[in-house]
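Quick caveat, the model's predicted, so the values are computed rather than measured. Just follow the structure's listing: the first ligand is 1, and inside any ligand the first atom is 1.
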Amino acid sequence: MNEYELGTIVSGSLSQGFLMRINPQYDVEELKSGRFVSIQGAHTTFFSLLTDIRLDPIPNYTTFAYPERKSIAHEVIQAIACSAHATIRPLIALTHDKQITPVKSIPKHFAPVLPATNQDIAYIFGSEHQTPGKVFAIGKPLDMHADVCIDLEKFTERSSGVFGKTGTGKTFITRLLLAGLLKHQRATCLIFDMHSEYGLQARNENSNAPFVKGLKTLFPAQSAIFSLDPQATRRRGGNPDICLTIPLQSISVGDILALSTELNLHPTACEAAYLLAARYKKDWLIQLLDRGNQAAELAQEIGAHAESIAALYRKLRIIERFPFFTRSNQGLQSPIQTLMEHLERDLSVIIEFGTYSSTFCYLLLANIITRRIHAQYIEKTEQFLASQHPEDEPKKLLIVIEEAHKFLNPAAAQQTIFGTIAREMRKYYVSLMIVDQRPSGIDPEILSQIGTKFIAQLHDEKDISAVLCGIAGAQELKTVLATLSSKQQALVLGHAITTPIVIETRRYDENFYATLAHTADAKKINQLF
Ligand SMILES: Nc1ncnc2c1ncn2[C@@H]1O[C@H](COP(=O)(O)OP(=O)(O)OP(=O)(O)O)[C@@H](O)[C@H]1O
Ligand SMILES: [Mg+2]
């Protein structure tokens with residue numbers, strides 16, 4: 001047996017995967033779950049994921065005296081009586097005429113299993129050098145130095161998700177992907193930046209470089225910061241492009257109903273909100289806030305129960321505490337309109353929440369803004385379908401939300417605009433990128449619509465099952481997920497990647513920033529000639 005061979009196939013099936021006897025010369029401790037390997041069939045190479053490793057029991061081990069370690073007897077017993085096996089899940093096949101196809105056949109007994117090579121990885125996942133702008137490197141396979149790339153076009157075609165426990169690198173992966181999209185101008189991004197981590201510099205837990213650059217710092221001409229808390233943005237050394245204010249008149253009853261779980265709103269309070277809106281139209285909330293403490297009078301005016309009005313007032317009074325909600329009727333849509341204009345001009349927008357990072361603010365703002373985007377993109381798409389002029393085709397928009405289960409839990413997904421976007425907006429050029437620690441909290445129907453998933457370490461069984469629901473070979477992938485490191489490793493699978501693979505995430509550091517500068521320079525040079 002070749003010393004580079006990891007082992008040979010001894011049994012298995014198309015549905016259950018294969019069993020590889022590990023090469024006795026190979027140091028079993030070097031073999032890791034999640035490793036990408038190739039089974040060398042006679043005509044086909046089967047690229048596969050190593051999902052589990054086991055030591056077989058030593059036959060009649062009680063009859064062996066324990067030989068001294070490193071003695072000849074020890075080595076002999078190890079060679080003749082000890083064996084180890086690994087389970088391997090075939091993922092894709094490379095035929096003899098170099099076609100990548102789904103796995104529909106199996107290799108013969110004793111087919112050798114080798115580590116995948118750097119050329120294999122480039123062939124399967126593409127390479128930034130060979131097709132610049134088409135693919136984007138997101139990391140390296142375990143124990144390898146080759147780049148694993150995703151297809152950027154496919155990535156923006158459907159919604160995507162980044163999942164993992166706290167501190168596993170979700171925000172870093174998201175920032176990396178967004179930088180890739182901006183670098184290659186594949187989508188305009190709207191980021192609801194709850195913890196102010198995407199725009200300017202953000203904290204890095206690595207003490208050698210305590211801060212990393214944000215997207216506004218890296219792409220100043222392609223992005224803008226809209227801040228709800230301009231002082232907080234300035235404290236962190238930046239200047240917001242726009243101070244975002246929201247007129248109370250632009251909050252609809254639907255926006256409030258989307259928060260009914262968060263606010264614990266009773267259905268009668270919701271009815272009272274509708275009655276107020278029927279009577280006072282856009283001023284319904286101002287009327288409630290101004291006159292809610294005389295609930296009986298207001299209730300009589302609109303034909304509602306005084307208790308319902310009082311309850312609604314108690315829950316919504318909190319709105320007055322936030323300085324970014326304004327009463328001015330002038331330029332009613334203006335800040336949101338400015339935001340829309342930015343997106344229209346292909347400028348990505350980062351909405352910083354600063355100190356107003358409560359779930360209430362986050363959900364309310366994200367709903368108000370996204371509802372408008374929804375309406376606008378439907379209109380734009382219809383215009384394009386009518387005119388069929390390429391210049392009317394809307395640019396793809398990617399909306400990034402953290403703590404996605406708050407928007408997309410089974411109850412909220414029916415009420416918030418995000419459920420609709422995840423389900424159907426692909427046709428209207430809008431997709432979601434959801435970042436979450438608790439995927440089990442997300443409506444399973446929405447999870448099943450997610451095109452590309454980045455799954456970092458998750459411990460809760462419910463979260464693991466939710467995120468792998470409906471995926472072929474989920475059982476083996478569970479074992480792989482359970483063995484991921486707690487940082488900077490992820491299982492990537494879905495629409496934008498040729499086949500599921502475990503990666504060490506690309507480092508988001510000075511070297512990465514340098515690759516961005518290169519493209520900017522290369523573009524300038526291209527423009528010159
Ligand atoms: N690709 C990467 N490049 C460099 N450092 C990384 C990378 N991924 C993760 N890290 C390190 O891991 C730390 C935690 O990552 P991150 O803040 O993205 O976690 P998170 O999953 O978003 O956590 P939380 O759920 O608490 O927001 C970072 O501060 C950084 O030091
Ligand atoms: Mg985070």
Side chain or backbone, does [X] bring an N or O within less than 3.5 Å of an N or O on ligand 1?
X    : value
Q437 : yes
E402 : no
T166 : yes

Identity and separation of the nearest protein heavy atom to [atom]:
atom                    : answer
atom 30 (C) of ligand 1 : N204 OD1, 3.0 Å
atom 25 (O) of ligand 1 : K170 NZ, 2.7 Å
atom 7 (C) of ligand 1  : Q488 CG, 3.2 Å
atom 19 (O) of ligand 1 : G169 N, 3.2 Å
atom 27 (O) of ligand 1 : T171 OG1, 4.0 Å
atom 2 (C) of ligand 1  : F172 CD2, 3.5 Å
atom 29 (O) of ligand 1 : E205 N, 2.7 Å

Relative to the heavy atoms of [X], which atoms of ligand 1 are at a distance of less than 4.0 Å?
X    : value
R507 : 3 (N), 4 (C)
R506 : 1 (N), 2 (C)
Y508 : 1 (N), 2 (C), 3 (N), 4 (C)

The answer for which part of K487 has a heavy atom under 4.0 Å from ligand 1 is side chain

Is a donor from one side chain sitting under 3.5 angstrom from an acceptor on the other, for [X] and [Y]?
X    : Y    : result
K395 : T188 : no
T117 : D120 : yes
H495 : E157 : yes

Could you tell me if any non-hydrogen atom of [X] lies under 4.0 Å from any atom of ligand 1?
X    : result
G167 : yes
K165 : yes
D509 : no

Considering only heavy atoms from C-beta outward, does the side chain of K154 approach that of T452 to under 4.5 Å? no

Checking I138, V435, V492, V162 against I173 for side-chain contact (heavy atoms from CB on, under 4.5 Å), the one that qualifies is V162

Tell me, with the steps shown, if F454 and T505 meet side chain to side chain contact (heavy atoms under 4.5 Å, CB included).
CA-CA 10 Å; F454 291 77; T505 327; over 6 Å; no

**Asked** What orientation do Y362 and F407 show, parallel under 30°, tilted 30 to 60°, or perpendicular over 60°?
**Response** perpendicular

Look at atom [atom1] of [X] and say whether more than 12 heavy atoms of other residues, nucleotides or ligands are closer to it than 6.0 Å.
X    : atom1 : result
K478 : NZ    : yes
E341 : CD    : yes
E320 : CD    : yes
R321 : CZ    : no

The Mg ion (ligand 2) to T171: any N/O/S contact under 2.8 Å? yes

